[in-house]
Amino acid sequence: MAGEVVVAGWMDYAPGDRATVLKALVELGRRTREAEPGCLDYAMTADPDDERRIWVFEHWASPQALDEHFTTGHIKDFRAAVAGVTHRAAPAPLLGQIA
């Protein structure tokens with residue numbers, strides 16, 4: 001049986017877009033925690049020292065729960081809400097499995 005999964009990473013946006021993205025992420029986190037039993041935690045924060053960066057931390061019951069997350073309506077809504085904002089690609093997030 002697969003163990004729990006922790007995801008930690010960041011996303012960089014144009015400083016003027018960060019508030020829009022953070023608002024959409026807060027809504028995504030709320031909906032994810034409410035609707036997905038495999039989501040153990042979903043948190044995000046604006047970096048206090050970098051006006052472009054948003055940190056995201058997720059804790060999932062299994063790899064399958066994380067995979068299913070990407071098929072939900074609230075992920076589609078998030079992507080639509082942030083379509084068109086300036087995004088700078090970040091390195092791949094840290095993904096770890098807890099045995």
Side-chain angles (χ1 to χ4, degrees):
M1 180 166 181
E4 296 175 2
V5 176
V6 173
V7 178
W10 71 89
M11 299 174 282
D12 287 346
Y13 293 89
D17 290 334
R18 185 173 79 167
T20 299
V21 175
L22 191 56
K23 181 179 178 182
L25 271 171
V26 167
E27 178 64 11
L28 173 62
R30 182 189 66 75
R31 291 175 66 188
T32 298
R33 287 187 300 270
E34 288 176 358
E36 297 182 58
C39 177
L40 305 176
D41 197 11
Y42 200 109
M44 66 292 305
T45 187
D47 189 303
D49 295 322
D50 187 337
E51 65 184 5
R52 303 164 303 143
R53 184 158 293 164
I54 299 171
W55 288 91
V56 179
F57 303 93
E58 305 172 28
H59 184 187
W60 297 92
S62 68
Q64 293 78 17
L66 177 57
D67 289 343
E68 290 170 8
H69 170 65
F70 291 111
T71 68
T72 63
H74 39 276
I75 277 288
K76 292 175 184 144
D77 292 345
F78 168 75
R79 289 177 178 157
V82 300
V85 299
T86 306
H87 177 260
R88 191 178 106 209
L94 172 65
L95 180 67
Q97 192 164 343
I98 302 171

Show me the donor-acceptor pairs within less than 3.5 Å that the side chains of residues 35-44 make with the rest of the protein, sequence neighbours left out.
unit_1 : atom_1 : unit_2 : atom_2 : d
E36    : OE1    : H69    : ND1    : 3.4
E36    : OE2    : H69    : ND1    : 2.8
E36    : OE2    : H74    : NE2    : 2.6

So which of D17, D12, D47 actually passes salt bridge (charged side-chain N to carboxylate O under 4.0 Å, His left out) with R53?
->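 Option passing the salt bridge (charged side-chain N to carboxylate O under 4.0 Å, His left out) with R53: D12.
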What is the minimum heavy-atom distance between [X] and [Y], and which atoms define it?
{"X": "T45", "Y": "L22", "answer": "C-CD1, 4.4 Å"}
{"X": "I75", "Y": "F70", "answer": "CG2-O, 3.9 Å"}
{"X": "M11", "Y": "V56", "answer": "CE-CG2, 3.4 Å"}
{"X": "D50", "Y": "R18", "answer": "O-NH1, 2.8 Å"}
{"X": "S62", "Y": "V5", "answer": "C-CG2, 3.9 Å"}

Could you tell me which residues satisfy salt bridge (charged side-chain N to carboxylate O under 4.0 Å, His left out) with [X], sequence neighbours excluded, listed by chain and number?
{"X": "D77", "answer": "R31"}
{"X": "R30", "answer": "E27, E34"}
{"X": "E68", "answer": "none"}

For A81, enumerate each residue passing the side chain to side chain contact (heavy atoms under 4.5 Å, CB included) test, keeping only those at least two apart in sequence or located in another chain.
->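 Partners of A81 by the side chain to side chain contact (heavy atoms under 4.5 Å, CB included) criterion, ordered by chain and then number, come out as A24.
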Not counting sequence neighbours, which residues clear ring-ring contact (aromatic ring centres under 6.0 Å, His included) with Y13? List them please.
->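 Y13 satisfies ring-ring contact (aromatic ring centres under 6.0 Å, His included) with H87 only.
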